[in-house]
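Below is one structure, written out as structure tokens, with a few remarks after it.
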There are 2 protein chains.
Amino acid sequence: MKYIEKLRKSGLRPTKQRLQICEVLFDTEKTFHFTINDLVNKIQKQLNNKISLATVYNTVHAFEKKGYLKQIPINSNQTYFDTNISDHHHFYDLKEEKLIDLENSDVGPINILKKIEGKKIKSIEVLVKLED
Amino acid sequence: MKYIEKLRKSGLRPTKQRLQICEVLFDTEKTFHFTINDLVNKIQKQLNNKISLATVYNTVHAFEKKGYLKQIPINSNQTYFDTNISDHHHFYDLKEEKLIDLENSDVGPINILKKIEGKKIKSIEVLVKLED
DNA sequence: AATCTACTTTATAACCATTCTAAATAAGTG
DNA sequence: CACTTATTTAGAATGGTTATAAAGTAGATT
Ligand SMILES: [Mn+2]
Ligand SMILES: [Mn+2]
Ligand SMILES: [Zn+2]
Ligand SMILES: [Zn+2]
């Protein structure tokens, strides 16, 4: 398994559950956006296998902390995550309630002119809301 | 009261509670960011007067719908609102967990190159996360 | 002014995504 | 294997938000 080493390097034991979640998250053609609930359903369907909700939460948070997932800043009743960890932005289709990737190259360079004393910029995220 | 007409124009009856919330939100030198909980506390302290939590929620949502408040897209356990309804952006200080306004002029012009068929842009929001 | 009706406020319950708990299980180490 | 520590798990708890439904109020009508 290609994920065993990846997990070990991060100080995470390569358990059956984590490896399965890796498969679902990272063995895909394209990256995608998901909620915890989406992921639980995907695991059920794709692996015919139940992983407890607590473990899914734990694993997603562990992966996020290690930088294998990104949380998307959006107001929703659920938290959205992204398997695309590249520096990029999002459209949010208000009607469909769906996120669409917006590559950095699709947004002109962003230059923040204001500086805050003693603080440095960690990330810049653009959210473009779409309506019909 | 200057808010009576404003509310009537919006189709909202100028009740005692709504007028008081207007005072707290809009009778200020500067605009500010708040959570529902912040607002409840502010009302208590500033008006020596309790307004039920449900009414605060109802009123904030009504004001948001009418465009007198903006919701700020950020992942938090609480929803943040903004009395600054101008087109602007935010710093988010991860340590202090505080929002700081970033005027449009403090961010270079943002040009979204990608187009989505049949959708138009409703808003563009930039969130700049700050660390030490 | 009294009456009527739709809107609003309120306390409280319900909701539900997320986190916590603590016991069972599994992984790594020697 | 024996031992330690990390992980999984079901279920309980948490907490912000929303729903409910009864009481109160605003504005319109007579
Ligand atoms: Mn997280
Ligand atoms: Mn709202
Ligand atoms: Zn994305
Ligand atoms: Zn602001």
Side-chain angles (χ1 to χ4, degrees), chain A residues 1 3-25 33-44 47 49-66 68-69 71-81 97 99, chain B residues 1 3-25 33-44 47 49-66 68-69 71-81 97 99:
Chain A
M1 290 291 213
Y3 298 116
I4 291 179
E5 203 168 347
K6 177 177 176 172
L7 289 171
R8 280 228 183 79
K9 274 184 188 165
S10 309
L12 298 172
R13 290 185 181 173
T15 63
K16 188 180 65 160
Q17 291 85 349
R18 283 176 178 159
L19 290 169
Q20 288 184 330
I21 293 175
C22 278
E23 268 186 62
V24 173
L25 290 178
H33 307 115
F34 65 93
T35 64
I36 296 290
N37 202 54
D38 291 339
L39 182 54
V40 168
N41 293 336
K42 216 167 157 116
I43 289 163
Q44 293 264 21
L47 305 176
N49 189 354
K50 185 175 170 284
I51 297 178
S52 89
L53 185 60
T55 298
V56 177
Y57 271 100
N58 289 341
T59 302
V60 166
H61 285 134
F63 287 3
E64 187 205 3
K65 195 168 286 179
K66 296 300 179 181
Y68 303 143
L69 290 172
Q71 205 180 332
I72 300 172
I74 192 172
N75 290 114
S76 169
N77 54 326
Q78 288 182 91
T79 303
Y80 276 84
F81 294 91
E97 295 186 340
L99 287 157
Chain B
M1 290 290 214
Y3 298 116
I4 291 178
E5 203 167 348
K6 177 178 177 171
L7 290 172
R8 280 228 182 80
K9 274 182 188 168
S10 310
L12 297 173
R13 289 186 182 172
T15 63
K16 188 180 64 158
Q17 291 85 347
R18 283 176 178 159
L19 290 169
Q20 287 183 332
I21 292 174
C22 278
E23 268 186 63
V24 173
L25 291 178
H33 307 116
F34 66 94
T35 63
I36 295 290
N37 202 53
D38 291 340
L39 182 54
V40 168
N41 293 336
K42 216 169 158 113
I43 289 164
Q44 293 264 20
L47 305 175
N49 189 354
K50 184 174 170 287
I51 297 178
S52 88
L53 184 60
T55 298
V56 177
Y57 271 100
N58 288 341
T59 303
V60 166
H61 284 136
F63 287 3
E64 187 206 3
K65 194 167 286 179
K66 297 299 180 183
Y68 303 143
L69 290 173
Q71 206 179 334
I72 300 173
I74 193 172
N75 290 114
S76 168
N77 54 326
Q78 289 182 87
T79 304
Y80 277 84
F81 294 91
E97 296 187 337
L99 287 157

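Because the structure is predicted, anything quoted here is derived from the model rather than measured. We name chains A, B, ... by the order of the sequence lines, and we start the count at 1 in each one.
- OP1 or OP2 of dT25(C) has not a single side-chain nitrogen or oxygen of Gln17(A) nearer than 4.0 Å.
- Considering only the side chain of Thr79(B), dT17(D) comes nearest among dT9(D), dT18(D), dT17(D).
- Counting any heavy atom pair closer than 4.0 Å across all strands shown, Thr35(A) reaches no nucleic acid atom.
- For Asp38(A), the side chain to side chain donor-acceptor pair (under 3.5 Å) partners at least two apart in sequence or on another chain are Thr35(A).
- The CZ-P distance, from Arg18(A) to dT9(D), rounds to 11 Å in whole Å.
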Generate the contact string for nucleotides 22-30 of chain D. Rules: B means base contact, S means sugar-phosphate contact only, - means no protein heavy atom under 4.0 Å. ----BS---
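- For the pair Leu19(B) CG and dT9(C) C1', the computed distance is 14 Å after rounding to whole Å.
- Taking atom OH of residue Tyr80(B) and atom C1' of nucleotide dT17(D), one finds them 16 Å apart after rounding to whole Å.
- Protein atom CG of Leu7(A) is 16 Å distant from nucleotide atom P of dA6(D), rounded to whole Å.
- Side-chain nitrogen and oxygen atoms of Tyr57(A) include none within less than 4.0 Å of the OP1 or OP2 phosphate oxygen of dT19(C).
- Contact check, His61(B) against dT17(D): no side-chain N or O comes under 4.0 Å of OP1 or OP2.
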I'd like a list of close polar pairs between nucleotides 20-23 of chain C and the protein, N/O only, cut-off under 3.5 Å.
none

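- For the pair Gln78(A) CD and dG15(D) P, the interatomic distance rounds to 20 Å; values are reported in whole Å.
- Side-chain atoms of Asn49(A) and Gln44(A) form no donor-acceptor pair, as typed in the model, at a separation below 3.5 Å.
- The side chain of Lys50(B) contributes an N or O atom lying less than 4.0 Å from OP1 or OP2 of dA11(C).
- Using a 4.0 Å heavy-atom criterion, one finds that Asn37(A) contacts no nucleic acid atom at all.
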